[in-house]
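First the structure, in the form of structure tokens, and then the observations on it.
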Amino acid sequence: MVQKYGGTSVGDADRIRAVAEHVARTRRDGHEVVVVVSAMGKTTDDLIRLAGEVSSTPSPREYDMLVSAGERVTAPLLCMALADFGVSAASFTGSQAGIITTTEHSRAKIIEVKGDRIREALAQGKVPVVAGFQGVSTDRDVTTLGRGGSDTTAVALAAALGASICEIYTDVTGVFSADPRIVPTARRLPKVSFDEMLEIAATGGRVLMLRSVEFARRHRVTLHVRSSFTWEPGTIVTEEDSTMEQAVVTAVTHDATEAKVTVSGVPDRPGVAARLFRALADRAINVDMIVQNISSHGTTDISFTLPKLDLATAVEVCNGLQDELGASGVTSDDGIARVSLIGAGMKTHPGVTATMFETLGADGINIEMISTSTIRISCVVRAEDVERAVRSLHSAFELE
Ligand code: ADP
Ligand code: ASP
Ligand code: MG
């Protein structure tokens with residue numbers, strides 16, 4: 001099995017020893033185990049802040065060299081602690097573990113997991129401890145996989161090694177019906193399908209990184225999200241089966257990491273949207289929601305949401321295209337947040353959307369954008385309203 005320990009789980013020396021003890025116990029139970037670790041506590045945030053203090057435009061290559069360092073500290077520390085529990089272990093960087101990625105720094109994608117040295121260590125009876133969040137690019141530079149990327153390292157290794165399960169140890173006891181820090185009455189979900197987990201991760205439930213869930217679904221790796229503080233069974237994320245309750249609404253999520261851009265007064269003719277979104281894609285900007293209104297007098301407004309981190313680039317792209325598109329203006333707004341309802345049962349239950357809008361309306365919360373999939377409804381609202389929206393919806397759909 002693969003076990004991944006997040007930042008809080010390895011936050012200090014005591015925590016690292018507690019994790020070592022659990023790994024030792026897992027071994028005694030007869031399991032072969034590969035461990036993936038995150039940086040200790042807030043180390044990654046601290047490194048990112050340092051980079052910003054030294055330079056306003058740090059080189060992407062050096063940035064990844066720097067921020068990947070946090071995980072490289074945890075891995076050898078855990079190996080030392082394991083030795084004290086009588087377990088022979090060896091630490092590996094992402095590069096040593098053979099995690100080959102694309103070249104886009106700070107958001108690299110895994111192309112291949114070679115894992116030879118991991119297999120060798122296992123064959124020698126050792127516990128390999130891999131530094132998460134990082135790999136080596138096809139240009140031989142160290143890359144990182146995006147925030148929360150250790151989840152993806154763990155799932156990719158589990159897939160490559162044919163592990164029977166990938167355990168994700170974190171600071172909550174599983175995946176909940178809403179972020180338990182915002183909704184204290186949120187309920188732990190014993191089982192979640194990949195499809196629902198994808199939507200939860202994509203809409204702000206940061207307990208699992210979205211790419212790790214995509215990877216798990218593609219390679220059919222069962223995930224077990226659980227607590228490294230209580231060690232109790234948590235949430236199984238796996239393929240949908242008949243034993244799963246098809247709740248109409250399973251979870252309410254929120255995400256305040258996106259901003260909105262509006263290009264107004266664009267001529268309503270073929271090719272305009274294509275030109276705009278191709279230009280954004282060429283700058284590697286991941287656009288999320290898109291709304292285009294019916295045109296009046298031959299022009300229309302196009303609004304879209306995107307990660308706040310990409311806002312400056314997106315505005316530059318849109319301004320650059322304004323004359324070519326014949327648009328009348330470009331505006332941006334970083335005071336938005338998105339609240340979403342996720343549920344596989346939504347497909348067959350009309351009325352969920354209406355109840356959602358009624359709940360928000362009764363709370364005086366204005367809806368600025370709406371988007372839906374078969375198992376999700378999302379509304380963009382003011383950022384300051386979003387936590388209130390999550391709590392109201394959680395209780396309106398009786399998810400306690
Ligand atoms: P780690 O460092 O272990 O990777 P993260 O901080 O990335 O931990 O993810 C765990 C956090 O995700 C929890 O502390 C919780 O506040 C947050 N979270 C958001 N939505 C959910 C949810 N639906 N269920 C569980 N946790 C959630
Ligand atoms: N340490 C990295 C981060 O904070 C990766 C991770 O924790 O998964 O984003
Ligand atoms: Mg995480």
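Nothing fancy with the numbering, it's 1 onward along the sequence. Every number for a ligand or one of its atoms is a count from 1 in the order of the listing. As the structure is a computational prediction, the values presented were derived from the model and not from experiment.
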Membership question, hydrophobic clusters at under 4.5 Å side-chain separation (ILVMFWY): are Leu399 and Val192 in the same one?
no
Polar contact flag, side-chain donor to acceptor under 3.5 angstrom, Thr143-Thr101:
yes
Note the single closest protein heavy atom to atom 3 (O) of ligand 1, along with its residue, its atom name and the distance in Å.
Thr170 OG1, 2.7 Å
Row check, Tyr5 ring normal vs Arg15 NZ/CZ: under 6.0 Å, within 45°:
no
Show which atoms of ligand 2 fall inside a sub-4.0 Å distance from at least one heavy-atom site of Ser38.
6 (C), 7 (O), 8 (O)
For the ring pair Tyr169 and Phe229, is the centre-to-centre distance below 6.0 Å?
no
For ligand 2, which part of Ser150 has a heavy atom less than 4.0 Å away: the side chain, the backbone, both, or neither?
both
Report yes or no: does a heavy atom of Gly132 sit under 4.0 Å from some atom of ligand 2?
no
Gly174: heavy atom below 4.0 Å from ligand 1, yes or no?
yes
Show which atoms of ligand 1 fall inside a sub-4.0 Å distance from at least one heavy-atom site of Gly205.
20 (N)
Does the pair Thr144 and Gln134 meet the rule for a side-chain hydrogen bond (donor to acceptor under 3.5 Å, both in side chains), with working shown?
CA-CA 4 Å; Thr144 59; Gln134 58 188 279; over 6 Å; no
Hey, which atoms in ligand 2 end up nearer than 4.0 Å to a heavy atom of Arg147?
3 (C), 4 (O), 9 (O)
Hey, is ligand 1 close enough to Ser9 that some N/O pair sits below 3.5 Å?
no
Run the side-chain hydrogen bond (donor to acceptor under 3.5 Å, both in side chains) test on Thr26 and Arg28 for me, step by step, so that the C-alpha distance in whole Å, both residues' side-chain angles and the decisive distance to 0.1 Å come before the verdict.
CA-CA 5 Å; Thr26 309; Arg28 275 201 304 279; over 6 Å; no
Give the minimum heavy-atom separation between Leu341 and Met346, together with the two atoms involved.
O-CE, 3.3 Å
Short N or O distance, Lys4 and ligand 1, threshold 3.5 Å exclusive:
yes
Test: Lys191 and Asp241 ion pair at under 4.0 Å
yes
Given Arg188, Met197, Arg147, Arg181, which one has a non-hydrogen atom that is nearest to atom 14 (O) of ligand 1?
Arg181
In terms of residue, atom name and distance, what is the protein heavy atom nearest to atom 2 (O) of ligand 1?
Gly7 N, 3.1 Å
Does the side chain of Ser371 come under 3.5 Å of the side chain of Arg376 through a donor N or O and an acceptor N or O?
yes
Walk me through it: do Glu167 and Arg226 pass the test salt bridge (charged side-chain N to carboxylate O under 4.0 Å, His left out)?
CA-CA 7 Å; Glu167 296 186 326; Arg226 53 193 301 195; 2.9 Å; yes
At under 4.0 Å between heavy atoms, what of Met209 touches ligand 2? The answer is neither
Taking all non-hydrogen atoms of both residues, which atom of Ser150 and which atom of Val37 are closest, and how far apart?
OG-O, 3.8 Å
So, for Val33 and Val127, which heavy atoms are closest and what is the spacing to 0.1 Å?
O-CG1, 3.7 Å
Can you list the atoms of ligand 1 that are under 4.0 Å from a heavy atom of Val175?
24 (N)
Say whether Ala251 and ligand 1 are in contact under the criterion: heavy-atom distance to a ligand atom below 4.0 Å.
no
Which one of Asp151, Ile200, Asp179, Val207 has a non-hydrogen atom at the shortest distance from atom 12 (O) of ligand 1?
Val207
Taking only non-hydrogen atoms of Gly148 and a 4.0 Å limit, the atoms of ligand 2 in range are 3 (C), 5 (C), 6 (C), 8 (O), 9 (O)
Can you check whether Phe176 has an N/O within less than 3.5 Å of an N/O in ligand 1?
yes
Of the protein's non-hydrogen atoms, which lies at the shortest distance from atom 13 (C) of ligand 1, and what is that distance?
Asp171 OD1, 3.5 Å
When you measure from atom 5 (P) of ligand 1 to every protein heavy atom, which one gives the shortest distance, and what is it?
Arg206 NH1, 3.7 Å
Is there any N or O on Val172 that sits under 3.5 Å from an N or O of ligand 1?
no
Could you list the atoms of ligand 1 found under 4.0 angstrom from a heavy atom of Ala178?
22 (C), 23 (N)
Under a 3.5 Å distance rule, please check whether Arg338 uses its side chain to pair with a backbone N or O of Cys379 as donor and acceptor.
no
Can you find a non-hydrogen atom of Gly148 under 4.0 Å from ligand 1?
no
